[in-house]
Participant: 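Take a look at this one; I'll ask things after.
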Amino acid sequence: MLGQIGLPGGGFGFSYHYSSGGSPTAKGGIVAGISAGNAPRNSPTPIPVARIADCLANPGKTIQFNGADVTYPEVKMVYVAGGNTFHQHQDTNNLIKAWQHPDTIVVNEPYWTATAKYADIVLPATTSYERNDLEMGGDYSQLYVFPMHQCVPPQHEARNDFDIFAAMAAKLGVQDAFTEGKTKPSG
């Protein structure tokens, strides 16, 4: 209406209603996670997330990634926690075929997502309403850290990721090494 499309400083945009578009971004405190840089020495070399289907279907294939040669490993097991691989992949039909290559697929998931539907084992995980947790906020700035207090007890057989991983570590005889004496947040 104003004739600003294509002019310097003019234009249009989408998604302002949820992302506070146009707000200045900043980097605040980031809740730490596990990164490839902190992985143990015997961990496999990271591959591009968009290449997961290619990796599963073509073990031994070498590609260029971040300026280096990366050779796809033979993947026997896939464990997905905190993601939905099928939602994030650009070629679902190709991923469905590649997903048949590993021997076992395990998913921690509170919802019946596409990834959960294609898993061999689904471990019911809690939602953010069923556990104490931390969340990042501030639109895209990630400027704030919010404590998320449990609203309801875990439903049915759901467990939080910490308890799921601690139980697996106990079965493997490494619970103390995994938990380092720590417990999940109590509230």
Participant: Taking all non-hydrogen atoms of both residues into account, name the closest pair between E180 and A177 and its distance.
Facilitator: CG-O, 3.5 Å
Participant: Would you mind checking if E157 and R159 are paired as a salt bridge, meaning a charged N to carboxylate O distance below 4.0 Å?
Facilitator: no
Participant: Same cluster or not: V80 versus V49, using hydrophobic residues (I, L, V, M, F, W, Y) connected whenever any side-chain heavy atoms lie under 4.5 Å apart?
Facilitator: no
Participant: Considering non-hydrogen atoms only, spot the tightest contact between A166 and F178 and give its length.
Facilitator: N-CE2, 3.7 Å
Participant: Kindly give the heavy-atom pair with the smallest separation between T71 and G60, and that separation in Å.
Facilitator: CG2-O, 3.5 Å
Participant: Under 3.5 Å, which donor-acceptor pairs do the side chains of residues 121-129 form with other protein atoms, sequence neighbours left out?
Facilitator:
unit_1 : atom_1 : unit_2 : atom_2 : d
T126   : OG1    : R131   : NH1    : 3.1
T127   : OG1    : Y129   : N      : 3.2
T127   : OG1    : E130   : OE1    : 3.1

Participant: Between T104 and K76, does the side-chain contact (heavy atoms from CB on, under 4.5 Å) criterion hold? Intermediate values first, please.
Facilitator: CA-CA 7 Å; T104 309; K76 298 283 189 181; over 6 Å; no
Participant: Using the rule side-chain contact (heavy atoms from CB on, under 4.5 Å), only one of I105, L95, N84 pairs with T115; which is it?
Facilitator: N84
Participant: Would you say the side-chain atoms of H89 pair up with the backbone N or O of D91, donor to acceptor, closer than 3.5 Å?
Facilitator: yes
Participant: Within this structure, what is the OH-OG1 distance for the pair Y118 and T113, rounded to the nearest 0.5 Å?
Facilitator: 11.5 Å
Participant: With rounding to the nearest 0.5 angstrom, report the OG1 to NZ distance, T92 to K97.
Facilitator: 12.0 Å
Participant: Which atom names give the shortest non-hydrogen contact between I47 and F65, and what distance separates them?
Facilitator: C-CE2, 4.1 Å
Participant: Verify the cluster assignment for F165 and M77: are they in a single hydrophobic cluster under the rule of side-chain heavy atoms below 4.5 Å apart?
Facilitator: yes
Participant: Quick one: closest heavy-atom pair of Q90 and A50, and the distance?
Facilitator: NE2-O, 3.0 Å
Participant: Could you list the cluster mates of V174? Members are the ILVMFWY residues connected by side-chain heavy atoms closer than 4.5 Å, either directly or through other members.
Facilitator: L172
Participant: Do you know the tightest heavy-atom contact between K182 and F162?
Facilitator: O-CZ, 3.4 Å
Participant: For V78 and V106, run side-chain contact (heavy atoms from CB on, under 4.5 Å): C-alpha distance rounded to whole Å, both residues' side-chain angles, the deciding distance at 0.1 Å, then the answer.
Facilitator: CA-CA 6 Å; V78 173; V106 180; over 6 Å; no
Participant: Under a 4.5 Å side-chain heavy-atom rule over Ile, Leu, Val, Met, Phe, Trp and Tyr, are V107 and V75 clustered together?
Facilitator: yes
Participant: Over 60° means perpendicular and under 30° means parallel, so classify the ring planes of W99 and F86, tilted if in between.
Facilitator: perpendicular
Participant: Once rounded to the nearest 0.5 Å, what's the spacing between atom CZ of R51 and atom CG of L56?
Facilitator: 13.0 Å
Participant: Hey, could you give me the CD/CE distance between Q175 and M168, rounded to the nearest 0.5 Å?
Facilitator: 12.0 Å
Participant: Can you name the side chain to side chain contact (heavy atoms under 4.5 Å, CB included) partners of K61, sequence neighbours left out?
Facilitator: D54, N58, I63, Y72
